[in-house]
Amino acid sequence: MGEKLTIGLAGAILIIMLPCLLTLALNGRYRGVTVDMINSGKDVLISSGGENSLMDVEEYIVGVLPGVVDYGVSDQYIQAQAVAVRTKIYFTMGEESVINEDSLNLEYFDDDEYINKYGMENYQAVKNKFEEAVITTAGQVISN
């Protein structure tokens with residue numbers, strides 16, 4: 001009888017703890033990952049100062065979010081917008097692996113534009129929040 005009670009109690013504790021452990025595992029999954037470590041295999045061709053360069057879509061989204069999201073909204077809203085922007089980019093790209101920035105009709109913010117919008121003291125915190133949203137949702141798109 002005591003053995004059954006112990007097994008039942010252990011099972012109840014496991015059932016209660018499993019969602020907590022799963023949440024911890026999923027939330028900790030992205031620790032130590034930076035947006036420049038992600039390679040989606042899809043790039044945006046950026047023209048700046050007469051020079052062209054390729055930027056991974058995931059990194060590009062971090063620069064687009066300030067034009068789409070107001071500072072101070074919830075993390076879930078930022079993540080949803082990251083998915084929506086990624087979906088728009090992938091849809092516009094079709095089967096191509098590179099797209100010209102001009103084809104996207106999205107405003108891109110570099111570090112100087114981040115600073116102009118959020119101020120020197122706030123821009124890095126805001127950018128980190130946007131990077132976290134992109135990392136958390138990396139590769140996710142809206143599909144039919």
Side-chain angles (χ1 to χ4, degrees), residues 5-144:
L5 183 61
T6 304
I7 291 173
L9 187 58
I13 291 171
L14 182 61
I15 289 172
I16 292 169
M17 292 299 295
L18 190 61
C20 296
L21 293 173
L22 185 60
T23 300
L24 283 174
L26 291 175
N27 287 339
R29 183 169 104 192
Y30 298 106
R31 304 264 184 236
V33 175
T34 59
V35 75
D36 58 338
M37 293 175 162
I38 301 171
N39 182 3
S40 67
K42 296 187 178 272
D43 295 307
V44 178
L45 180 64
I46 308 257
S47 298
S48 178
E51 294 186 21
N52 294 330
S53 61
L54 290 176
M55 180 182 290
D56 190 85
V57 166
E58 301 296 334
E59 190 172 349
Y60 182 76
I61 294 169
V62 173
V64 170
L65 286 174
V68 176
V69 176
D70 291 327
Y71 181 66
V73 297
S74 72
D75 292 345
Q76 292 81 11
Y77 183 80
I78 299 169
Q79 291 170 8
Q81 292 305 309
V83 172
V85 169
R86 186 180 301 108
T87 301
K88 174 186 169 86
I89 294 169
Y90 281 14
F91 180 79
T92 305
M93 289 179 92
E95 296 298 318
E96 301 296 321
S97 60
V98 176
I99 190 166
N100 191 315
E101 176 183 34
D102 296 337
S103 301
L104 296 173
N105 297 321
L106 295 168
E107 183 179 6
Y108 178 81
F109 288 69
D110 61 16
D111 281 345
D112 290 336
E113 291 163 323
Y114 258 97
I115 291 168
N116 286 338
K117 182 164 184 166
Y118 299 109
M120 179 61 87
E121 59 282 341
N122 294 323
Y123 98 94
Q124 194 59 57
V126 174
K127 188 173 182 182
N128 289 344
K129 189 174 263 303
F130 290 161
E131 285 181 357
E132 185 179 328
V134 171
I135 292 166
T136 302
T137 64
Q140 295 178 21
V141 294
I142 301 166
S143 61
N144 295 343

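- Here the side chain of Ser74 pairs a donor or acceptor atom with the backbone of Tyr77 at under 3.5 angstrom.
- In this structure, the separation between CG on Leu54 and CD on Glu59 is 11.5 Å, given to the nearest 0.5 Å.
- No donor-acceptor distance shorter than 3.5 angstrom exists from the side chain of Glu131 to the backbone of Val62, with no hydrogens or angles considered.
- Side chain of Arg86 to backbone of Ile61: no donor-acceptor contact under 3.5 angstrom is found.
- In this structure, Tyr114 and Phe109 have perpendicular ring planes: the angle between them is above 60°, well past the 30° mark.
- Here the side chain of Thr87 pairs a donor or acceptor atom with the backbone of Ile142 at under 3.5 angstrom.
- Smallest separation of non-hydrogen atoms from Asp56 and Gly41: OD1-N, 3.7 Å.
- A salt bridge does not link Lys42 to Glu96: none of the charged side-chain nitrogens sits closer than 4.0 Å to a carboxylate oxygen.
- A donor-acceptor pair under 3.5 Å is formed between the side chain of Thr92 and the backbone N or O of Lys88.
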Apply the test side-chain hydrogen bond (donor to acceptor under 3.5 Å, both in side chains) to residues Gln124 and Asn128: give CA-CA distance (whole Å), side-chain angles for both, the deciding distance (0.1 Å), then the verdict. CA-CA 6 Å; Gln124 194 59 57; Asn128 289 344; 3.0 Å; yes

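- Between Tyr108 and Glu101, the closest heavy-atom pair is CB-OE2, 3.4 Å.
- When all heavy atoms are compared, the tightest approach of Ala133 to Ala82 is O-CB, 4.4 Å.
- The two residues Val73 and Ile78 have their closest heavy-atom pair at CG2-CG1, 3.6 Å.
- Under the side chain to side chain contact (heavy atoms under 4.5 Å, CB included) rule, Asp102 has a single partner from Leu104, Asn100, Ile99, which is Asn100.
- Among all heavy-atom pairs drawn from Val85 and Val68, the shortest one is CG2-CG2, 4.2 Å.
- Rounding to the nearest 0.5 angstrom, the gap separating the CD atom in Gln81 from the OG1 atom in Thr137 is 11.0 Å.
- In terms of heavy atoms, Leu106 sits closest to Ile89 at CD1-CG1, 4.0 Å.
- Within a 6.0 Å radius of CD in Glu121, other residues, nucleotides and ligands contribute more than 12 heavy atoms.
- Within the 3.5 Å criterion, the main-chain N or O of Asp110 finds a donor-acceptor partner in the side chain of Glu113.
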